[in-house]
Enquirer: 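Pasting a structure here, questions to come.
Convention: sequence-line order gives letters A, B, ...; per-chain numbering from 1. Below, each value reflects all heavy atoms present in this structure, side chains not excepted, and no hydrogens, waters or symmetry copies.
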Number of protein chains: 2
Amino acid sequence: MKHLTSIRYIDTVARIGSIRKAAEVLAITSTALNRRILAIEEELGVPIFERLPRGVRLNSAGEIFVHHIRNQLSDMERVRSQIADLSGIRRGHVSIACSQALLPYFLPQQIAIYRKEHPAVTFGVYLRDRAAAEQALVDHTADLALVFEPVRLAEFQTILTVRQQVYGVMSENHPLANEETLRLRDCLQHPIALPTNPYGVRYLMELALVDSAIVLNPVIESDSFEFLRNHTLTEGVISFQIPIGLPVEDIPKGSVARPIDLRDVPTGLIYIGQLRGRTLPVAVARFADQITKALQIRYE
Amino acid sequence: MKHLTSIRYIDTVARIGSIRKAAEVLAITSTALNRRILAIEEELGVPIFERLPRGVRLNSAGEIFVHHIRNQLSDMERVRSQIADLSGIRRGHVSIACSQALLPYFLPQQIAIYRKEHPAVTFGVYLRDRAAAEQALVDHTADLALVFEPVRLAEFQTILTVRQQVYGVMSENHPLANEETLRLRDCLQHPIALPTNPYGVRYLMELALVDSAIVLNPVIESDSFEFLRNHTLTEGVISFQIPIGLPVEDIPKGSVARPIDLRDVPTGLIYIGQLRGRTLPVAVARFADQITKALQIRYE
DNA sequence: AGCTACTGCTGCATTTTTTGCAGCGTCTTG
DNA sequence: CAAGACGCTGCAAAAAATGCAGCAGTAGCT
């Protein structure tokens, strides 16, 4: 909306940290942008940016101000979507920050279902580790966060939690492929592949072993779950994943997934959350509702 | 704030229920107001007012919108005051050491103006002669010094200087009361009243006469400017004062002030100063700013 | 030291937006 | 049916925003 242009600009400058760079992104000249900032500072009676030789940075007045205008901007989005809802059309945008496990199957499926009903709603899906996803809520980069074992900031308001047991994924030719459930000590007899540290699965497994003398020695470590999953097929390694990151029906040909005994690795939790105290735009609220129901049905 | 003008207007229209009447209240034409409303409705894609023969009324989209913008407006107020608190212009203490001439009119007036904006800021005003005022800065007894013809210690950092011509103050019945400007030798034909030695006016006048044979022989000598000023009314004496120590508009009934010819007594300077190198508290800096501007306007 | 590249900022001419005036059509009201 | 009030529109003037060119300051590099 037009009357929010200045504060949208300022939001962008605060994110980018440079007036000239932000001006490029916003497709205006740095002059115009600079003047808008000076005008706002004039109105507030106080500068909101520190001028550094390499750009600008919010000072504490700026922190307060920008925090407020981000609320204002997303509130306005909500209002627009409420108004649009009145006239029957649902439009809007849903922005999601989520863990890697949600990307391959769960979210694409859910978004497809939703968009079939409401084609005017657009989506943004952003891969963030546990900490960054929560941060994205705070700075309004995302409306929803779907995170495995989050840090749980004070600003994070849980909508739903879902238990997720860790599974071992391996080739169907693997010696352990026929076990009903896997014991961790058995797995560790074989080469293993693990996600890197910030990810929830790795975190859970290290937590499980913290009291024992055992150390995780992955032959493969990667921050790509997809790579890890594929690698179980090409080499006889065991990878680890949570059910939501696995196909709903059947594991791809040639690989199997077996639960790790709960005595060895406890279940983790996926959290769906939003920024505390925020009233979500209609489209977002509805989507949150949909995936909440889907998860409740799927994981009792 | 400027960028909220449109929504403030809309808020008013919603309250009043008529574009033309609201325009009057807002002191703009109905045309401009009407166009702003149309523009917002355009942006929202939906009207927010029902047009009735007697004016306008919010429709349900408008209810949502106006509810939101009212929140936004009061939030902005809150943010502004948070920022004001943070920057300290709202609270704090300003401590001033100054010459006697500033006490009767100038400072009370300026402090009143400032405190009207920032009632939580407190003031301390201390009468100090030229040397003592500067010393007060050094030992942090005062944040600001306003001094006529100061000693100018090394630690004294000048913020602004203002020229002040010496005036003769006398009863309107005095023989010299009708002169445009006064020559010093004419004044000395009459009884004169002078401040005691440490004061700037006395200093200036003695400086002016140092090369001549003339000696100042006051019939009254006092360290109270107020006493001197009043005494001109009761006895036919001439007293001496600088403009800032005189009322802004009119000299009190019965007395007149006439400038002393610059060939006889040179202009003196009022210095506003602070401790060298010190970063002043925000409240102090603001007040210094205010009086600086006030003085610049008053004595060009 | 000198140089380059990058920063935020400013004066001026130009473009865009906003405003005010006059007037139109519609509707209630006396 | 006339009067008055309402929201709205065409057009010209006023005001604001924008873009260009250029300045001054600083970090990092040679």
Side-chain angles (χ1 to χ4, degrees), chain A residues 1-63 65-66 69 73 76, chain B residues 1-63 65-66 69 73 76 87 277 279 289:
Chain A
M1 297 211 38
K2 192 100 161 290
H3 73 276
L4 297 175
T5 308
S6 280
I7 65 175
R8 261 185 23 237
Y9 285 0
I10 285 179
D11 176 31
T12 307
V13 172
R15 288 179 197 279
I16 294 183
S18 154
I19 296 181
R20 282 179 124 108
K21 293 222 182 71
E24 266 186 62
V25 172
L26 296 168
I28 51 169
T29 50
S30 67
T31 319
L33 184 50
N34 181 38
R35 290 216 169 95
R36 286 196 117 106
I37 293 172
L38 292 176
I40 293 281
E41 293 185 326
E42 174 79 16
E43 287 190 302
L44 288 174
V46 184
I48 56 175
F49 287 107
E50 292 177 62
R51 272 65 171 181
L52 309 173
R54 295 320 237 171
V56 294
R57 189 176 55 193
L58 290 173
N59 62 18
S60 40
E63 294 281 1
F65 187 71
V66 166
I69 64 179
L73 287 169
M76 182 58 84
Chain B
M1 295 209 44
K2 191 92 162 300
H3 72 276
L4 297 176
T5 307
S6 280
I7 65 175
R8 260 185 24 237
Y9 285 0
I10 286 179
D11 176 31
T12 306
V13 172
R15 288 179 198 280
I16 294 184
S18 155
I19 295 181
R20 283 178 123 109
K21 292 220 183 71
E24 264 185 64
V25 173
L26 295 168
I28 52 168
T29 50
S30 66
T31 319
L33 184 49
N34 180 41
R35 288 215 169 95
R36 285 196 116 106
I37 293 171
L38 292 176
I40 293 281
E41 292 184 328
E42 173 80 14
E43 287 188 303
L44 288 173
V46 185
I48 57 175
F49 287 107
E50 293 177 62
R51 271 66 172 179
L52 308 173
R54 297 314 245 165
V56 293
R57 188 174 57 193
L58 289 172
N59 63 18
S60 44
E63 294 281 1
F65 186 72
V66 168
I69 64 178
L73 287 169
M76 182 57 84
S87 65
T279 305
D289 205 47

Enquirer: Strictly below 4.0 Å: does A/K2 bring a side-chain N or O up to OP1 or OP2 of C/dT16?
Expert: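 For C/dT16, OP1/OP2 do not have a side-chain N/O of A/K2 under 4.0 Å.
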Enquirer: How close or far is atom P of C/dT7 from atom CD1 of A/I16, stated in whole angstroms?
Expert: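 Atom-to-atom, A/I16 to C/dT7, this comes out as 11 Å.
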Enquirer: Send over the distance from B/R57 CZ to D/dA5 P, rounded to a whole Å.
Expert: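 Rounded to the whole Å, the gap is 21 Å.
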Enquirer: Using a heavy-atom cut-off of 4.0 Å across all strands, would you classify A/L52 as base, sugar-phosphate, or nothing?
Expert: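 Nothing: the residue A/L52, judged by heavy atoms under 4.0 Å, touches no strand.
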Enquirer: Looking for any heavy atom pair under 4.0 Å, which part of the strands does B/R36 touch: base, sugar-phosphate only, or nothing?
Expert: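 Contact class for B/R36: sugar-phosphate only.
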Enquirer: Return the value, rounded to whole Å, for the distance between atom CD of B/E42 and atom P of D/dT9.
Expert: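 Between P of D/dT9 and CD of B/E42: 11 Å.
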Enquirer: Roughly how many Å is it from CG in B/L33 to C1' in D/dT9, rounded to a whole number?
Expert: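 Those two atoms, CG and C1', are 15 Å apart.
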Enquirer: Where the side chain of B/L38 is concerned, which of C/dT17, C/dC9, D/dC8 is the nearest nucleotide?
Expert: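 Of C/dT17, C/dC9, D/dC8, D/dC8 is nearest to the side chain of B/L38.
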Enquirer: Between the base of D/dC20 and the side chain of A/T31, is there a donor-acceptor distance below 3.5 Å?
Expert: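 Answer is yes: a donor-acceptor pair is held.
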Enquirer: Taking for each residue the nucleotide of DNA chain C with the nearest heavy atom, is it B/T29 or B/R20 whose nucleotide lies nearer the 5' end?
Expert: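 So the residue in question is B/T29.
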Enquirer: Rounded to the nearest 0.5 Å, how far apart are CD of B/E42 and CZ of B/R35?
Expert: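 Separation between the atoms: 13.5 Å.
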Enquirer: If you take atom types as modelled and just measure distance, does the side chain of A/R35 reach the base of D/dG19 with a donor-acceptor pair under 3.5 Å?
Expert: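 It does, because a donor-acceptor pair links the side chain of A/R35 to the base of D/dG19 below 3.5 Å.
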Enquirer: Quick one: does B/I19's side chain get under 4.5 Å of B/F49's, heavy atoms only?
Expert: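 With C-beta onward as the side chain, the pair stays apart.
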Enquirer: Starting from C1' on D/dG4, measure out to CZ on B/R54 and report it in whole angstrom.
Expert: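 Rounded to the whole Å, the gap is 8 Å.
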Enquirer: Looking at A/R51 and D/dG25, is any side-chain donor or acceptor paired with a base atom of the opposite kind under 3.5 Å?
Expert: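 When only heavy-atom distances are counted, A/R51 does not reach the base of D/dG25 through any donor-acceptor pair under 3.5 Å.
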Enquirer: To the nearest 0.5 Å, what is the distance between CD1 on A/I10 and CG on A/L73?
Expert: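 CG of A/L73 is found 10.5 Å from CD1 of A/I10.
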Enquirer: Taking the side chain as everything from C-beta on, heavy atoms only, tell me whether A/I40 gets closer than 4.5 Å to A/F65.
Expert: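 Side-chain contact under 4.5 Å: yes.
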Enquirer: What is the separation between atom CD1 on B/I19 and atom P on D/dC6, rounded to the nearest whole Å?
Expert: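 Whole-Å distance recorded here is 10 Å.
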Enquirer: Given atom CD1 of B/I37 and atom P of D/dT9, what is their separation to the nearest angstrom?
Expert: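 Rounded to the whole Å, the gap is 13 Å.
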Enquirer: Report the distance from atom CG of B/L26 to atom P of C/dT19, rounded to the nearest whole Å.
Expert: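 In whole Å, C/dT19 P and B/L26 CG are 11 Å from each other.
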Enquirer: Within the pair B/N34 and D/dG7, is there a side-chain N or O less than 4.0 Å away from OP1 or OP2?
Expert: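 For D/dG7, neither OP1 nor OP2 has a side-chain N or O of B/N34 closer than 4.0 Å.
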Enquirer: Hey, are the side chains of B/M76 and B/H3 touching, using non-hydrogen atoms and a 4.5 Å cut-off?
Expert: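 B/M76 reaches B/H3 side chain to side chain.
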Enquirer: Distance check: side-chain N/O of B/K21 vs OP1/OP2 of D/dC6, anything under 4.0 Å?
Expert: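 For D/dC6, OP1/OP2 do have a side-chain N/O of B/K21 under 4.0 Å.
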